[in-house]
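The next block holds one structure in the form of structure tokens; read it before the comments.
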Amino acid sequence: MNETRARHLFRPCTWVYVVLLSLTFITWLVGVNHFSGRFFAFLVFGFALLKGQLIGDYFMGLKQVAGPWRWVVFTWLLLVGILISSAFWQTV
Amino acid sequence: MSETKKPRWPPGDLVIWIFIMAELLVFGVFFATYAFTRAHHVAQFDTYQLTLNRNAALINTLALITSSYFVVRAVAAIRADNSQACFRWLLAALAMGLLFLVVKGAEYHHHFSMGVNLGTNTFYMFYLSLTFFHFLHVVLGMIILLAVALKAHRGGYSAAEHTGVETGASYWHMVDLVWMILFPLVYVMR
Amino acid sequence: MKYQSQQVAKLYFIAAIGLFVGQILFGLIIGAQYIWGDFLFPQLPFNQARAVHTNLLIVWLIFGFMGAAYYLVPEEAETDLVMPWLARLMFWIFLAAGAATILGYIFLPYADLAKLTHNELWPTMGREFLEQPTITKLGIVVVALAFLANIGLTILKGRKTVINLVLMMGLTGLAVFFLFSFFNPTNLVWDKYYWWWVVHLWVEGVWELILGSILAFILIKTTGVDREVIEKWLYVIIAMTLITGIVGTGHHYYWIGTPEFWQWWGSIFSAMEPIPFFMMTVFAFNMVNKRRRNHPNKAAVLWALGTAVMAFLGAGVWGFLHTLAPVNYYTHGTQITAAHGHMAFYGAYVMINLAMISYAMPLLRGREAANSNRSQVWEMWGFWLMTISIVFITLFLTAAGILQVYLQRFSDNPMPFMEAQSKIVLFYDLRELTGLVFLIGLVVYIASFFVGAKEAEAKTDGEEVVTA
Amino acid sequence: MAQAFTKAMARNIFYGGTAFFFLLFLALTFQTHSVVPQRDNHQAISDLVAKGKQVWEEHDCIGCHTLLGEGAYFAPELGNVYKRFGNSTDAIKAFIASRPENGVPGRRSMPQFHLSDEELTAVAEFLKYVSGIKTSRNWPPTPQG
């Protein structure tokens with residue numbers, strides 16, 4: 001079990017790392033340029049949720065898990081996503 | 001490949017996952033409260049958000065992501081039974097954590113020298129509370145990683161038994177995960 | 001009972017129940033004063049009778065905790081208590097000091113009690129729940145130190161179990177945080193701020209360690225579930241308790257001159273406080289479902305499960321009801337608080353004490369494992385009468401509170417306090433009637449110690465049963 | 001169960017979590033200490049106010065009244081009584097001094113404490129000081145307390 005997991009982990013995690021960095025840069029670009037409004041706010045927020053899911057799946061290793069624990073991070077992101085979105089929808 | 005049997009449990013000791021869920025819950029509530037409070041004070045939040053340093057936040061986000069990545073490599077190393085590599089990756093991760101603390105500390109120093117505190121206004125109340133609460137989690141996570149690193153250095157883990165590494169790693173990723181939301185929420189979205 | 005020195009617990013349990021009766025009688029008196037304002041006036045003004053009601057509660061709960069510790073610590077440590085004589089001596093000192101203080105509340109005007117005990121030398125009196133004269137407070141510290149030394153040394157000498165360690169931490173915390181009762185600055189904000197370090201960090205902090213460890217002990221004994229499993233859960237539950245409860249203190253810092261940020265911190269963390277209570281309920285029922293044996297003391301199991309449920313309702317649900325700052329803005333200092341206080345104290349601390357007494361008393365009185373069936377039936381009647389009464393007391397006080405909030409704080413023309421009170425007297429009537437039922441329940445409970453005392457012990461069908 | 005859910009880890013989280021959150025609590029307390037002086041009306045604290053607090057305590061006023069919402073719920077809130085009584089310490093003194101010895105038939109009544117004039121002044125000054133404490137959102141919600 002551990003060996004299979006290790007083989008899965010090594011390469012994908014580096015790839016994920018690069019994606020995380022890229023998304024962060026885009027978020028930063030939006031930030032330093034003070035881009036505002038629904039499109040940009042939800043763009044970076046969507047990136048944030050995606051990054052969270054990647055961290056959960058690949059860094060925390062939840063992708064390898066079967067059953068309810070597989071969805072811990074996803075559920076959290078979903079709830080937080082809904083709550084924050086509903087608060088921001090009308091006010092950005 | 002061997003799709004035979006995925007484990008039912010996440011890596012690390014299950015107790016840490018109960019703790020992680022509790023932490024995520026607290027942060028989640030904190031985030032939602034921030035968002036809904038902002039909706040009532042949009043002008044104030046948008047004004048004072050501009051006083052934050054997005055470059056510092058960028059460095060910190062990169063630091064945490066990199067740190068998390070190093071921790072992933074540390075876990076991979078111990079699964080390959082390489083204690084010393086595991087130790088080195090963890091040290092690298094700790095260095096990134098330290099970078100986070102220094103940058104964040106500089107940000108706090110800037111704000112405090114401007115006379116900002118929890119009572120200044122609602123935005124700063126949230127900014128300071130959220131980031132400081134997270135800051136303390138970085139400190140705690142680093143203490144855990146340090147303990148794990150030292151044990152790895154002593155050869156306390158092996159490919160067969162390294163629950164401790166996975167436990168510490170899971171916690172550290174949670175600290176990272178929370179920051180992924182915090183960064184755009186507090187620094188960017190407007 | 002395995003060790004002779006555990007016998008000392010019996011004294012403490014008897015005193016606890018005796019003081020419990022006093023507490024309830026004075027509860028009925030002040031309940032009556034809510035209806036007939038001049039009842040016993042001016043001989044026994046409300047404030048003095050209330051001090052008796054609340055102080056007796058605290059004292060008897062502490063007697064119960066001490067008794068529980070004297071019973072449980074030797075059994076867990078697998079060794080006799082190091083100084084049973086000290087436990088006996090401290091019992092009489094504590095009882096005498098407690099009784100003298102209570103009699104002072106009843107028979108002296110409070111100001112005279114303050115003068116008599118030279119409160120001016122070190123003023124600590126006259127703060128809610130800390131009404132005791134300074135000399136009594138010092139006495140409590142002495143008793144607590146002797147008590148901690150006694151059980152601490154016993155634990156050190158014997159087997160160190162998680163239950164003993166957690167209990168010891170809880171009791172030590174109880175003593176340590178009590179020291180803040182000696183800090184009484186003129187600045188009211190700080191007075192109140194640190195007053196909560198006694199009150200909140202007791203009941204939503206260290207007392208819950210005591211509660212958790214006693215509950216874990218009873219569950220190990222009555223279900224036969226593996227100690228390892230129970231201790232693990234104990235750690236998780238108390239971890240959650242303190243993680244949420246310590247910063248949760250902030251829910252007392254909303255309106256006392258402390259800064260606004262406490263409204264956020266307090267609301268967020270105290271909103272999590274029901275979680276450990278919920279976990280405790282799940283845990284208790286789980287353990288009982290997984291039991292390896294049917295313990296003949298069904299009453300003790302009932303009390304243990306009752307504790308878990310009622311603590312969740314009283315502390316968890318009723319606490320959550322008014323813990324968020326925007327709600328608390330209106331409910332702070334009304335009958336809502338009283339409603340929560342009654343169910344939380346009963347559900348968490350009264351019931352855990354009665355659970356422990358229920359488990360230990362038959363053994364202390366020479367039974368093999370349990371009382372006779374008839375005695376247990378009486379005890380369970382006591383359980384239901386008291387528990388259902390407290391539920392209704394809580395509901396009536398909640399109704400009174402909602403109405404009070406509306407009339408006095410929320411409506412367009414806020415009413416003066418006394419006028420609002422006169423509108424809600426119906427609920428005080430109902431509360432008092434329910435209080436009488438509670439008293440009947442208490443009498444039935446006490447009777448259970450005497451009925452069927454000569455009859456044979458209750459037996460279960462078989463010792464090793466239920467494997468699902 | 002293949003999964004390790006170990007007692008040792010549960011213990012570590014208990015100790016670590018407790019220490020962590022207690023330190024957090026201390027940090028917030030520290031912050032509170034730096035902010036409270038701007039709102040606690042400490043400049044109004046005099047010897048007379050200190051004396052008044054002692055009179056307040058030695059008659060167990062908190063056993064019936066609430067003060068900033070804390071205490072018993074048998075009698076009115078007094079954190080704002082100075083304002084409710086028209087910003088008058090004399091009105092407070094007069095009220096306390098005039099309580100009937102044997103109460104009011106059928107109704108709640110404050111006891112007659114036989115306070116000296118100095119004590120009356122002190123307790124009134126204490127209540128005046130309390131009314132100057134700046135509470136969040138100016139609690140209580142209405143002048144009625």
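Treat the numbers as computed from the prediction; the structure is a model and nothing was measured. Numbered from 1 within each chain, the chains take letters A, B, ... in sequence-line order. Just the heavy atoms: all of them, side chains too, but no hydrogens, waters or symmetry mates, feed the values below.
One distance of note links CG of Asp40(D) with CH2 of Trp190(C); it measures 7.5 Å at 0.5 Å rounding. Between the CZ atom in Arg39(D) and the CD1 atom in Ile256(C) there is a gap of 10.5 Å [rounded to 0.5 Å]. Of the inter-residue distances, the one linking Trp36(C) atom CH2 with Arg108(D) atom CZ reads 13.0 Å to the nearest 0.5 angstrom. Once rounded to the nearest 0.5 Å, the distance linking OH of Tyr73(D) with CD1 of Ile336(C) reads 11.0 Å. Atom CE of residue Met240(C) and atom OG1 of residue Thr18(D) lie 11.0 Å apart, to the nearest 0.5 angstrom. Note: Leu407(C) CG to Gln144(D) CD = 11.5 Å, rounded to the nearest 0.5 Å.
Looking at Thr334(C), the atoms closer than 4.5 Å to chain D (heavy atoms on both sides) all sit in the backbone: N, CA, C or O. Interface residue Ala239(C): backbone and side-chain heavy atoms are both found under 4.5 Å from chain D. For Thr142(D), the part sitting under 4.5 Å from any heavy atom of chain C is the side chain, from C-beta outward, and nothing else. Neither the backbone nor the side chain of Met9(D) comes within contact range of chain C; no heavy atom of the residue lies under 4.5 Å from a heavy atom of that chain. Only the side chain of Phe126(D) comes within contact range of chain C, with at least one heavy atom under 4.5 Å from a heavy atom of that chain. Contacts of Tyr329(C) with chain D are made by both backbone and side-chain atoms, with heavy-atom separations under 4.5 Å. The contact between Asp191(C) and chain D is made entirely by side chain atoms (from C-beta outward), counting heavy-atom distances below 4.5 Å. In this structure, the portion of Val35(D) lying under 4.5 Å from any heavy atom of chain C is its side chain and not its backbone. Using a 4.5 Å cut-off between heavy atoms, Phe269(C) touches chain D through its side chain atoms alone. Using a 4.5 Å cut-off between heavy atoms, Phe410(C) makes no contact with chain D at all. Only the side chain of Thr66(D) comes within less than 4.5 Å of a heavy atom in chain C; its backbone stays farther off. Proximity to chain C (any heavy atom under 4.5 Å) is shown, for Leu28(D), by both the backbone and the side chain. With a 4.5 Å cut-off on non-hydrogen atoms, Glu101(D) touches chain C through its backbone but not through its side chain. For Val229(C), no part lies under 4.5 angstrom from a heavy atom of chain D. Neither the backbone nor the side chain of His65(D) comes within contact range of chain C; no heavy atoms are under 4.5 Å apart. Interface residue Glu120(C): backbone and side-chain heavy atoms are both found under 4.5 Å from chain D. For Leu115(D), no part lies near chain C; criterion is any non-hydrogen pair under 4.5 Å. Contact annotation for Gln54(D): only side-chain heavy atoms (C-beta onward) come within less than 4.5 Å of a heavy atom of chain C.
Using modelled atom types, no side-chain atom of Tyr235(C) and backbone atom of Asn12(D) make a donor-acceptor pair closer than 3.5 Å. The closest donor-acceptor contact from the side chain of Lys232(C) to the backbone of Phe5(D) lies under 3.5 Å. Here the side chain of Gln408(C) pairs a donor or acceptor atom with the backbone of Gly145(D) at under 3.5 angstrom. Of the possible polar contacts, none joining the Arg127(C) side chain to the Glu57(D) backbone as a donor-acceptor pair under 3.5 Å is found. With hydrogens and angles ignored, the 3.5 Å screen pairs a side-chain donor or acceptor of Glu128(C) with a backbone N or O of Gly71(D). Side chain of Lys53(D) to backbone of Asn187(C): no donor-acceptor contact under 3.5 angstrom is found. Side chain of Asn47(C) to main chain of Asp60(D): a donor-acceptor pair is present (N/O by atom type, distance under 3.5 Å, no hydrogens or angles).
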If you apply the rule ring-ring contact (aromatic ring centres under 6.0 Å, His included), what do you find for Trp197(C) with Phe25(D), and how did you get there? CA-CA 11 Å; Trp197(C) 286 41; Phe25(D) 184 56; 5.2 Å; yes
Worked check of side chain to side chain contact (heavy atoms under 4.5 Å, CB included) between Tyr129(D) and Thr186(C): CA-CA 11 Å; Tyr129(D) 144 70; Thr186(C) 302; 5.6 Å; no
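In terms of heavy-atom pairs under 4.5 angstrom with chain C, the leader among Ile133(D), Val104(D), Val49(D), Thr32(D) is Thr32(D). Of the residues considered (Pro259(C), Ala111(C), Ala114(C)), Pro259(C) shows the highest number of contacts with chain D, using heavy-atom pairs under 4.5 Å. If you tally non-hydrogen atom pairs under 4.5 Å between each of Gly63(D), Cys61(D), Ser136(D), Gly17(D) and chain C, the highest count goes to Ser136(D). Between chain C and the residues Met110(D), Arg11(D), Gln112(D), His59(D), the largest count of heavy-atom pairs under 4.5 Å involves Arg11(D). For chain C, the option among Phe21(D), Trp56(D), Trp139(D) with the highest count of heavy-atom pairs below 4.5 Å is Trp139(D). Residue with the most contacts toward chain C among Pro105(D), Pro140(D), Ala75(D): Ala75(D) (heavy-atom pairs, distance under 4.5 Å). For the set Lys192(C), Gln404(C), Gln335(C), Glu228(C), the entry with the most heavy-atom pairs within less than 4.5 Å of chain D is Lys192(C). Per-residue heavy-atom pair counts under 4.5 Å with chain D were compared for Pro416(C), Ser422(C), Gly250(C), and the maximum is reached by Pro416(C). Annotation: maximal heavy-atom pairing with chain C below 4.5 Å, among Pro76(D), Gly52(D), Ala10(D), Ala44(D), occurs at Pro76(D).
Counting all heavy atoms, side chain and backbone alike, Phe22(D) lies closest to Ile246(C) at CD1-CG2, 3.8 Å.
Using a 30° and 60° split on the angle between ring planes, His33(D) and Tyr193(C) fall in the perpendicular class, above 60°.
Remark: of the listed residues Phe41(C), Tyr428(C), Phe46(C), Phe417(C), Phe46(C) is the sole one forming a ring-ring contact (aromatic ring centres under 6.0 Å, His included) with Phe74(D). Residue Pro111(D) is tested with Pro45(C), Pro109(C), Pro42(C) for a side chain to side chain contact (heavy atoms under 4.5 Å, CB included); the sole match is Pro45(C).
In this view, Glu118(D) satisfies the salt bridge (Lys or Arg N to Asp or Glu O under 4.0 Å) rule with no residue, not counting sequence neighbours.
Donor-acceptor pairing under 3.5 Å is recorded for the side chains of Glu70(D) and Trp196(C). When only modelled atom types and interatomic distance are considered, Gln263(C) and Arg137(D) share no side-chain donor-acceptor pair under 3.5 Å.
Contact of the Leu24(D) side chain with the Val247(C) side chain is registered, since non-hydrogen atoms from C-beta on lie closer than 4.5 Å. Side-chain contact between Leu242(C) and Phe14(D) is present, with heavy atoms from C-beta onward closer than 4.5 Å.
Contact check on Arg409(C) versus Glu77(D) returns no salt bridge, with no Lys/Arg side-chain nitrogen under 4.0 Å from an Asp/Glu carboxylate oxygen.
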